[in-house]
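Whatever order the structure lists ligands and atoms in, that order sets their numbers, starting from 1.
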Amino acid sequence: MRILILGASGFVGSALHAQFAANHEVVGTSRGGHGLVPVDLADTGAVRALVGQGFDIVVHTAGVVDLGAAQRDPVAAYAANVAPMVPLLDAIGDAGAKLVYLSTDNVFDGTAEHYDESATRTPINVYGETKVAAEDLVLERDRHLVVRLPLVYGPSPLSNKFLARFATPEIQARTDIVCNPLYLPSLAPALAQLADEAGVVHIAGAETLSRYELMTRVRDHLAAPARVVATDRFSTVQDCPRPLRLVMRSIRHSLTGPDVNTALADLHWIRGHLLTLAKE
Ligand SMILES: NC(=O)c1ccc[n+]([C@@H]2O[C@H](COP(=O)([O-])OP(=O)(O)OC[C@H]3O[C@@H](n4cnc5c(N)ncnc54)[C@H](OP(=O)(O)O)[C@@H]3O)[C@@H](O)[C@H]2O)c1
């Protein structure tokens with residue numbers, strides 16, 4: 001299969017790029033660097049030309065993902081996350097390809113016990129609003145797939161944004177934000193199994209825990225130097241409204257990512273690399 005990954009320099013995109021490349025012909029994009037195809041999604045002509053090169057699947061991971069940044073600059077968030085969608089969908093439709101669009105549990109408000117694919121979306125932050133708007137555009141067309149993810153954690157080839165935190169002196173982590181985080185290496189195999197689906201699917205990890213518990217367990221397992229400091233909505237200045245309980249389930253499939261201990265067993269190799277990460 002020929003696969004195009006938009007945002008292949010990012011945390012999720014570079015992991016998918018590396019894993020899919022083992023079995024498929026994969027092309028990845030970035031706005032610059034890493035030897036990837038340089039494309040800005042705002043350049044609709046370049047996007048059309050690239051998509052027209054003939055791909056079976058386009059995996060869209062690009063855009064503004066930082067919740068605080070989206071809240072501070074909604075215009076930029078909409079420009080990155082929503083405005084490119086119609087030209088992209090038109091190009092994908094004309095090329096006969098299929099889109100796999102990565103979305104988020106932040107489309108929900110965090111007040112329900114759990115959320116499956118049929119749950120009503122009620123975002124409480126700008127990031128979630130942009131993802132709902134983009135999802136709607138994807139779902140207007142048949143055959144494409146929206147994949148909602150929770151917090152994703154683990155190693156990634158080109159972005160150490162999760163693991164590098166453990167090489168810093170202090171990590172602030174919320175005790176009052178709970179989800180079922182997904183171990184990044186488990187995403188590509190799940191997507192491969194769901195590639196023929198259309199509509200919306202949720203992919204999440206097997207265990208529900210707070211950010212504080214996740215960061216503490218990873219820190220302990222890695223024997224990392226970072227001190228994990230417990231925070232909550234009363235002790236921190238909030239840069240953005242954040243849903244407190246985002247537990248995702250699926251009524252469409254039985255795939256889940258591993259529980260945290262299983263994921264950590266896979267992570268043992270990273271221990272010796274933490275000092276390298278700290279220098280990056
Ligand atoms: N990380 C998570 O925990 C998480 C959780 C739920 C859902 N998701 C979803 O997963 C996807 C990937 O997230 P991530 O954490 O991997 O994000 P990330 O590390 O910030 O990567 C974002 C990617 O988007 C690219 N990009 C940004 N603006 C662009 C533009 N205008 N044109 C072209 N490329 C652009 C960046 O490339 P350059 O900067 O190199 O151009 C980068 O490769 C997103 O759709 C996000 O909503 C992530």
Ring centroid separation F166 to H221 under 6.0 Å: no
Side chain to side chain contact (heavy atoms under 4.5 Å, CB included) partner of P241, the single match among N125, V126, D109: N125
Where at least one partner belongs to residues 246-261, residue pairs that pass salt bridge (Lys or Arg N to Asp or Glu O under 4.0 Å), sequence neighbours excluded: E197-R252
Partner set under side chain to side chain contact (heavy atoms under 4.5 Å, CB included) for P157, not counting sequence neighbours: S14, A15, A18
Give me the pairs of N or O atoms, one from ligand 1 and one from the protein, that sit under 3.5 Å apart.
from, atom 1, to, atom 2, distance (Å)
ligand 1, 3 (O), V152, N, 2.9
ligand 1, 15 (O), K161, NZ, 2.7
ligand 1, 16 (O), F11, N, 3.3
ligand 1, 16 (O), V12, N, 2.7
ligand 1, 19 (O), F11, N, 2.9
ligand 1, 19 (O), K161, NZ, 3.3
ligand 1, 24 (O), G63, N, 3.1
ligand 1, 31 (N), D40, OD1, 3.2
ligand 1, 32 (N), L41, N, 2.9
ligand 1, 37 (O), S9, OG, 3.0
ligand 1, 39 (O), R31, NH2, 2.8
ligand 1, 40 (O), S9, OG, 2.6
ligand 1, 40 (O), S30, OG, 2.8
ligand 1, 41 (O), R31, N, 2.7
ligand 1, 41 (O), R31, NE, 2.6
ligand 1, 43 (O), G7, O, 3.2
ligand 1, 43 (O), S9, OG, 2.7
ligand 1, 43 (O), G10, N, 2.9
ligand 1, 45 (O), L102, O, 3.1
ligand 1, 45 (O), K131, NZ, 2.9
ligand 1, 47 (O), Y127, OH, 2.6
ligand 1, 47 (O), K131, NZ, 2.9

Contact list for residues 228-240, test side-chain hydrogen bond (donor to acceptor under 3.5 Å, both in side chains), sequence neighbours left out: D176-R233, D232-S235, D239-R242
No-hydrogen, no-angle side-chain donor-acceptor test under 3.5 Å, K131 and Y101: yes
